[in-house]
Amino acid sequence: MIKQLLKQILSTFQYHTRLLLSIAVLVIAAQFVMAPAHATGVYQLPSLSAGERTWVLDEDDAISRLNEGRISASLEKLAEQTGKEVRFVTIHRLDYGETIESFTDKLFEKWFPTSEAQANQALLVLDTVTNTAAIRTGDKVKTVLSDEIAESVASETLLVPLQQGNKYNQAFLDAGDRLVAVLSGQPDPGAPVVVDTTNVESTFKKAEETNTGNATIVVVVLLIAATVIPMVTYFFYQGFS
């Protein structure tokens, strides 16, 4: 009677272990296979041209409605007063092989295909997965906004708040204020001051890494369980025999 019960327990356990392993493998495979489907390509973004009153294209919903309205109002006022047009774009994940710089260049040329259309334009793009940004400016904008300041806006003004806790609203508000100030002929307020503190953030994995790591750990644990527990059960069964 005990032998039959142990056989039934062992058989049931092996069946469920195989089932759990199959599910775990499928979960990991889905994470790696489906991830590119969430990438954003230039071709997916709506068409836009110089003079249009669209200033913020928040594809990843990183900016609150209230702050998006504040930024749009500020950039529209800048356009009316100076003729210089600034646009912010957020995306969630780049296409395979794409960099934030190449994406920004392609989008800039898609929206403003001629040198005349590009002249008064500035485009700032942020990828929220990697928190990397790039900026592209036209010839007339460069006469007021130097490449050095433009790069500082993209790499410092925008990114410092993100490094301090993914403060997307503050990041775009600060970037907008600095660009508006410089393009309006005011003194450059400069990049934010960074306090040199211990980089606690670097000890934590990003969400993508954590999810994949946890799934891998589950599979490893199940593999160990699938090997060890049947062996223990077998020897226990032999002991009864």
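Basis for what follows: all heavy atoms, side chains included, without hydrogens, waters or symmetry-related copies.
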Can you list everything that forms a side chain to side chain donor-acceptor pair (under 3.5 Å) with [X]? Sequence neighbours excluded, please.
| X | answer |
| --- | --- |
| N67 | S64, R70, N169 |
| D60 | H92, T128 |
| S72 | none |
| E52 | S49 |

Taking only residues two or more places apart in sequence or in another chain, which ones pass side chain to side chain contact (heavy atoms under 4.5 Å, CB included) with [X]?
| X | value |
| --- | --- |
| A50 | E85, F112, Q121 |
| T99 | E101, S102 |
| A175 | F88, L124, V153, T157, L158 |
| E76 | R53, W55, E80 |

[X] side chain near [Y] side chain, heavy-atom distance below 4.5 Å:
| X | Y | answer |
| --- | --- | --- |
| F103 | L45 | yes |
| D174 | P192 | no |
| K106 | E98 | yes |
| L75 | V180 | yes |

Non-hydrogen atoms of [X] and [Y] that approach each other most closely:
| X | Y | result |
| --- | --- | --- |
| L123 | T104 | CD2-O, 3.8 Å |
| A181 | P187 | CB-O, 4.3 Å |
| R87 | T54 | NE-O, 2.8 Å |
| Y43 | D95 | CE2-OD2, 3.9 Å |
| A133 | A154 | CB-O, 3.6 Å |

Are [X] and [Y] in one and the same hydrophobic cluster, where Ile, Leu, Val, Met, Phe, Trp and Tyr link if side-chain heavy atoms are under 4.5 Å apart?
| X | Y | value |
| --- | --- | --- |
| L173 | L162 | yes |
| V86 | Y168 | yes |
| V42 | V89 | yes |
| W111 | L126 | no |
| V141 | V182 | yes |

Straight-line distance of [X] [atom1] to [Y] [atom2], nearest 0.5 Å:
| X | Y | atom1 | atom2 | result |
| --- | --- | --- | --- | --- |
| E109 | R136 | CD | CZ | 5.0 Å |
| F172 | I63 | CZ | CD1 | 4.5 Å |
| L183 | T137 | CG | OG1 | 9.0 Å |
| L107 | L57 | CG | CG | 8.0 Å |
| T40 | I91 | OG1 | CD1 | 5.5 Å |
| N120 | K84 | CG | NZ | 5.0 Å |

Exercise. Can you name the residues that form a salt bridge (Lys or Arg N to Asp or Glu O under 4.0 Å) with D61, not counting sequence neighbours?
Worked result: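 Here no residue qualifies.
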Exercise. Got a sec, which pairs hit salt bridge (charged side-chain N to carboxylate O under 4.0 Å, His left out) with one end in residues 110-133, sequence neighbours left out?
Worked result: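 Every candidate salt bridge (charged side-chain N to carboxylate O under 4.0 Å, His left out) pair involving residues 110-133 fails, so no pair, neighbours aside, qualifies.
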Exercise. If you look only at pairs with a residue in residues 179-194, which of them pass as a salt bridge (charged side-chain N to carboxylate O under 4.0 Å, His left out), with sequence neighbours excluded?
Worked result: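 Every pair satisfying salt bridge (charged side-chain N to carboxylate O under 4.0 Å, His left out) with a residue in residues 179-194: R178-D188.
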Donor-acceptor contacts, no H, no angles, side chain residues 143-150, under 3.5 Å, sequence neighbours left out:
from: T143; atom 1: OG1; to: K140; atom 2: O; distance (Å): 2.5
from: S146; atom 1: OG; to: I149; atom 2: N; distance (Å): 3.2
from: D147; atom 1: OD1; to: K142; atom 2: NZ; distance (Å): 2.8

